[in-house]
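Here is the structure we will look at, set down as structure tokens.
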Amino acid sequence: MNVVQAVKEYISKMIEESGPGMKVLLMDKETTSIVSMVYTQSEILQKEVYLFERIDSTNRESMKHLKAICFLRPTKENVELLIQELRCPKYSHFFIYFSNVISKSEVKALAEADEQEVVSEVQEFYGDFIAVSPHVFSLNLIGCAQGRCWDVMQLARTTQGLTSVLLSLKKCPMIRYQHSSDMAKQLAESVKQIITKEYELFDFRRTEVPPLLLIVDRSDDAVTPLLNQWTYQAMVHELLGINNNRIDLSRVPGISRDLKEVVLSAENDEFYANNMYLNFGEIGSNIKNLMEDFQKKKPKSQQKLESISDMKAFVETYPQFKKMSGTVSKHVTVVGELSRLVSERGLMEVSEVEQELACQSDHSSALQNVRRLVVSGRVADLDAVRLVALYALRYQRPNNSNLDGLLEDLSRRGVANRERKMVSALVEYGGKRERRSDLVTPKDAVAITKQFFKGLKGIENVYTQHQPLLQDTLDQLIKGKLRDNLYPYLGPSTLRDRPQDIVVFMIGGATYEEAQTVYNLNRTSPGVRIVLGGTTIHNSRSFLEEVGAGSLHGRVGERPPSMGRPATRR
Amino acid sequence: MDNGLKYSSTPDLVQKAKKAKDKFLKRDGEDNSDSGRPESFYPGGIDPLMWEPQELGARRSHLDYFKKHRAARIDHYVIEVNKLIIRLEKLTAFDRVNMESAKIRDIEQSVVPWVNDQDVPFCPDCGTKFSIRNRRHHCRLCGSIMCKKCMQFLTLALANKLTSASREAVALSHSPSQSPGSSRSSRRGSINSVSSISSILEEKVDERIRCCRHCSVTLLRREQQIDEKENVPEIVKLYEKLRQCMEKVDQKAPDYIKKAESLNAGETTYNLEHTTDTRLELQRLYELIDIFSKKILSLGLKDDPKPHPKTVQLQRMIRYASTLFVQEKLLGLMFLPTKEQYEELKKQRKQELEKKLQLERQVRYYLSTSIKSQHASGWLTATNVTWDMENSDPLLQQIENIKHFIQQAQQASRFDEICTLEENLRQLQTEYDDQQTQKAIELSRKQAEEEGLQREQIDRLLLQGQQQKKLSQHLRTRSLDFREVHASPQTSTTTTTQRFDRVKEPDLNTAQNKQRLLSKTQSMRTFHQPTNPTNLASLPTYREMPEANREPQRRVGSLNPFEDDKPGNPFVDEDALNPFCDESSRGSSPAKEFNDKGFSNGMNATNPFEGKEAPSNPFEDENLFLKPDEPQNPFEEPDSTNPFDTDDDLKAEEEIEEELLRQQINNIRAYIFDAKQNGRMDEVELLTENLRELQIVLAEQKCKS
């Protein structure tokens with residue numbers, strides 16, 4: 001059930017099958033991301049793969065002394081490009097691996113193009129998804145919905161991605177889906193269709209308790225992706241944006257050239273692996289400890305590391321350390337930038353109000369706080385819009401004059417009309433009408449103290465009170481208490497025992513907060529293994545984009561073309 | 001901050017030591033007490049113990065289907081090529097230069113029938129109309145017609161090359177024993193030079209064969225194939241050599257590292273000279289790798305035209321990979337000592353071993369004196385102390401463990417590990433000493449009061465003398481039992497139950513609320529020290545409670561196994577761990593002997609033979625006060641007929657809270673730095689306030705105790 005390892009196994013197998021000698025890896029745009037998530041360049045260099053090429057690149061030279069490993073998605077374009085390649089092969093041998101099911105006719109077309117007998121292998125290896133963490137995968141799809149319906153192409157891609165996850169993990173699951181979401185049902189049926197059609201592929205060793213695929217819809221919990229995050233990974237994504245483990249730091253003031261883009265991968269960065277789920281305060285002190293460790297190794301240095309800028313200076317003044325401290329300087333930079341953003345945008349304050357909105361039920365105080373921040377000049381426009389949106393989701397009622405007032409405040413701030421429309425788009429997307437359950441469960445306010453650090457058990461941090469809805473859903477699922485009428489099974493058979501292997505997929509994108517939730521559930525519930533997937537991994541910005549795109553489509557094309565059930569593309 | 005740092009680094013040390021422990025004892029998974037630890041100790045998203053390794057996922061091969069369809073196509077292609085080559089052979093079999101053109105035409109037409117001129121009014125390739133000016137030309141290979149523009153020529157040299165290659169292939173297939181390399185390469189050289197020079201520069205029209213574009217393309221592709229088969233590029237040759245060197249390094253390096261480590265540690269297992277040779281060989285290999293990869297890097301760079309950027313990139317990547325390889329492997333390749341150094345090392349090793357032995361002895365002495373002194377002052381039993389040392393204080397336990405590991409590591413000659421362990425040990429000891437001093441100060445305040453109470457207790461005990469005599473006999477064995485618990489955790493449950501069975505018969509009635517308090521402290525304590533076997537003991541205790549409760553007795557202390565040791569108690573001397581009566585108790589308890597031999601320093605420390613009697617240790621007194629403060633000991637509890645019992649428990653709670661508070665303070669301090677750095681002064685204020693509050697709470701707690 002480790003998706004990173006699953007993809008890695010596939011890639012290693014490909015390289016292994018091609019035997020010794022110099023190799024080139026021939027990929028398309030998507031498989032490039034898939035491979036880069038699990039392998040680093042130096043790691044793959046050790047396996048004699050020296051060149052990485054795109055199949056659609058025109059700049060490739062004929063190098064007959066290289067073997068080509070082709071890892072491609074089975075799209076029409078790729079097959080066409082490959083046919084051309086085989087007619088005039090640039091490499092001596094071709095080991096062809098498709099990331100998903102390919103049709104016989106396409107295989108035949110390829111065979112007929114291979115007049116020079118250069119192809120040594122044609123296989124399907126189902127690594128057709130982005131493995132983000134061992135328990136998290138994504139498909140990097142934004143804008144999968146048009147209104148409340150699937151975009152046909154996206155549904156096909158999502159089905160492919162999801163079935164490839166199941167195949168790579170060797171699971172033939174029972175399927176449950178969120179009853180309130182048509183999209184969830186459609187996807188469930190589409191996946192089921194593939195399983196039925198490719199029954200030979202899904203013929204795995206039976207386990208006592210069959211695995212479970214749970215399909216849920218983002219619109220059921222629109223709050224989570226709107227909140228500010230305080231754990232490392234989630235925070236980096238929220239404030240800087242993680243794109244295939246890469247973080248763009250080029251906008252950071254005074255950044256050095258080699259830190260403009262950094263890679264944060266738990267697979268080969270121990271510090272990150274140990275700290276990705278810790279909160280901001282803990283990271284700060286951990287980084288400090290790390291730096292002090294470095295300092296200790298150099299006995300001569302007397303200087304104290306009092307601040308992050310001191311740390312930066314320290315790293316730079318000791319070139320012999322620079323090599324070793326590549327990781328450290330990276331994290332110091334990232335955390336430094338995070339803390340700069342936090343103070344610049346007043347995010348502590350914003351987050352406190354957000355959490356109050358999400359977890360407590362004192363309307364008047366919430367309203368007061370939101371208004372105060374919306375009017376305040378310190379808060380960024382985006383944050384103001386999010387606060388109003390959260391307020392609208394939380395205290396949704398007809399003709400809410402308070403909301404109108406807040407929207408007016410927004411326009412007084414100079415927030416563009418388009419952005420203000422986001423509020424209503426969000427309510428339309430994740431408002432009560434669409435929700436089956438209560439979005440927020442009020443908690444005992446007394447138990448919450450205003451401590452940033454989780455020191456004592458049971459006392460919560462004011463900035464991390466919120467638990468995503470997924471926590472509750474999965475908790476019930478693990479306990480076998482998830483209600484059948486809300487999450488029905490697809491097909492007649494139901495699961496009698498408590499589920500053990502669970503793949504939960506969120507249409508409309510998951511978040512790193514939910515990734516952490518699943519991580520914690522995995523750690524605390526013995527015998528249960530949960531893998532979380534989403535059409536993408538959202539931060540608030542990309543989520544607003546997704547919602548905006550969906551609602552725009554809905555309005556423009558009145559009746560989106562995907563109303564009927566689309567035929568799944570193989 | 002210094003203070004804070006020390007605290008925050010302690011869990012790390014503990015963790016390191018734990019890892020080392022697991023390594024040494026080759027334990028896997030059974031240490032599930034770790035589950036209570038913060039998540040930061042596990043890398044990645046998933047607890048690796050929980051999930052089995054991921055196997056290769058499903059896959060499906062289309063190769064058979066692919067081959068089936070390719071085979072049909074290939075047959076077609078091969079037949080076509082062969083046909084052309086046979087015709088080519090016929091066309092080149094006669095002397096073209098000295099023959100009349102009409103005769104040549106006859107021969108050519110006999111090879112392949114020409115298409116009738118009348119049938120083809122337009123050029124099939126470009127569509128122009130044939131006329132007197134635009135004449136028809138026939139392909140000599142397939143007989144088809146084309147115009148002059150579309151017509152192509154095959155040079156005779158190329159024709160020769162193609163035909164001879166196929167002849168060779170036939171010959172090869174008939175006599176595989178013939179060495180193909182020599183004949184092939186020599187011939188290839190001549191052909192290459194002929195085709196490149198003669199074909200381009202000084203060729204007469206007659207020396208070429210007219211053919212159509214289709215035939216030309218097919219034959220040229222065939223030529224390319226032949227070239228590729230025979231021509232091994234320079235980069236491949238170099239690369240093969242490079243890989244050979246790397247493979248050799250992979251074979252030899254691990255062996256060398258093992259030997260060098262041992263030699264550097266001053267051991268005498270391996271021969272120094274022999275190892276030096278291996279080192280030289282490895283170095284030569286690294287040099288070769290460097291040379292080859294540099295050669296690959298510079299291949300063709302001076303040529304004109306410049307090589308394709310992709311070729312350059314490939315060369316650069318190979319060089320980079322080799323550099324990585326050398327860096328990775330060479331870093332582990334430690335230096336060997338010279339002969340003199342080696343002798344020196346051997347001496348050092350001896351000394352070190354002795355030093356360590358001494359250190360251990362000192363520690364034992366230190367511990368045993370403290371036991372003895374306690375015994376002398378007598379308000380806490382020696383048994384108790386032993387127990388405490390082994391179990392209750394996580395720091396102490398850790399220290400003992402680490403010492404034990406060092407010993408093991410010495411035996412296993414893993415010297416780098418010893419270094420880290422020793423470092424750990426030093427830090428832990430400083431930490432522990434500090435803690436002890438603090439506790440001692442706290443306790444000294446209480447001592448005066450307690451002494452009074454003790455006297456009272458002693459009186460009571462004297463009354464119970466007879467009853468306890470029997471009991472103490474029991475208890476001695478019991479305390480030995482407990483050591484067994486350590487030796488094999490499985491037995492612990494039974495032992496504890498047993499213990500409580502016995503305890504039950506006489507009216508052993510630990511007041512219920514005290515018990516509760518106790519188990520509370522225990523569970524709190526487990527938060528810090530999850531391995532603490534106290535847990536095991538505490539469970540049965542709890543279960544016993546209702547029964548114990550039925551006969552509510554005031555005299556809790558009566559059954560305390562350790563109370564025997566009280567100074568006023570007449571049976572003191574019979575205690576198993578009393579150094580003065582050890583001989584006899586030894587005789588009566590083989591279990592103990594076993595433990596003493598087979599067990600860690602923690603055990604040894606209580607061994608009275610190790611201890612020197614002179615109570616010159618300055619810490620002695622402090623230790624003496626410390627011990628009653630260890631509240632995790634369930635057996636200490638009955639001891640607490642004295643009213644301070646509850647106090648003790650309370651203090652335990654406070655102490656833990658104290659630790660958490662310190663952590664909290666630390667964290668907040670770290671955060672204040674950050675806030676200051678970023679100029680969020682309002683936050684700094686808020687946090688400072690929090691900090692102050694916490695510090696006050698901490699101070700209060702200290703005062704209370």
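Below, chain A is the first sequence line, B the second, and so on; all start at residue 1.
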Does any backbone or side-chain atom of [X] lie under 4.5 Å from a heavy atom of chain B? Answer side chain, backbone, both or neither.
| X | result |
| --- | --- |
| A:Val132 | neither |
| A:Val3 | neither |
| A:Tyr232 | neither |
| A:Glu48 | both |

- Query: For the atom pair OG (A:Ser120) and CZ (B:Phe66), what is the distance rounded to the nearest 0.5 Å?
  - Reply: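 Nearest 0.5 Å value for the OG-CZ distance: 9.5 Å.
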- Item | Spacing of NZ belonging to B:Lys310 relative to CG belonging to A:Leu66, to within rounding of 0.5 Å |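 Going from NZ on B:Lys310 over to CG on A:Leu66, the span is 11.5 Å.
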- Are B:Arg70 and A:Glu112 within salt-bridge range, i.e. N to O under 4.0 Å?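 No, no charged N to carboxylate O under 4.0 Å.
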- Could you tell me whether B:Arg59 and A:Glu17 have a side-chain N and a carboxylate O separated by less than 4.0 Å?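 Salt bridge: yes.
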Could you check which of [options] has the highest count of heavy-atom pairs closer than 4.5 Å to chain A?
| options | answer |
| --- | --- |
| B:Leu324, B:Leu314, B:Val236 | B:Leu314 |
| B:Glu240, B:Arg243, B:His76, B:Arg316 | B:Arg243 |
| B:Met246, B:Glu55, B:Lys67 | B:Glu55 |

- Check whether any side-chain N or O of B:Gln54 sits under 3.5 Å from a backbone N or O of A:Asn2 as a donor-acceptor pair, and report yes or no.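 Such a contact is found between B:Gln54 side chain and A:Asn2 backbone.
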- Task: Look at A:Glu349, A:Gln116, A:Met63 and state which one has the largest set of heavy-atom pairs under 4.5 Å with chain B.
- Result: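 Result: the option with the highest number of such pairs is A:Gln116.
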- So what's closer than 4.5 Å to chain A heavy atoms on B:Thr311: side chain, backbone, both or neither?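 Contact with chain A involves both backbone and side-chain atoms of B:Thr311.
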- Message: Any donor-acceptor pair under 3.5 Å linking the side-chain atoms of B:His62 with those of A:Glu124?
- Response: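 Judged by distance alone, the side chains do pair up.
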- Message: Whether the A:Glu117 and B:Tyr77 side chains hold a donor-acceptor pair (N or O, under 3.5 Å, no angle test) is what I'd like checked.
- Response: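 Short answer, no.
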- Do we get A:Lys104 above B:Tyr65's six-membered ring, with its NZ or CZ under 6.0 Å from the centre and within 45° of the axis?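 Positive - A:Lys104 is close enough to the ring of B:Tyr65 and near enough to its axis.
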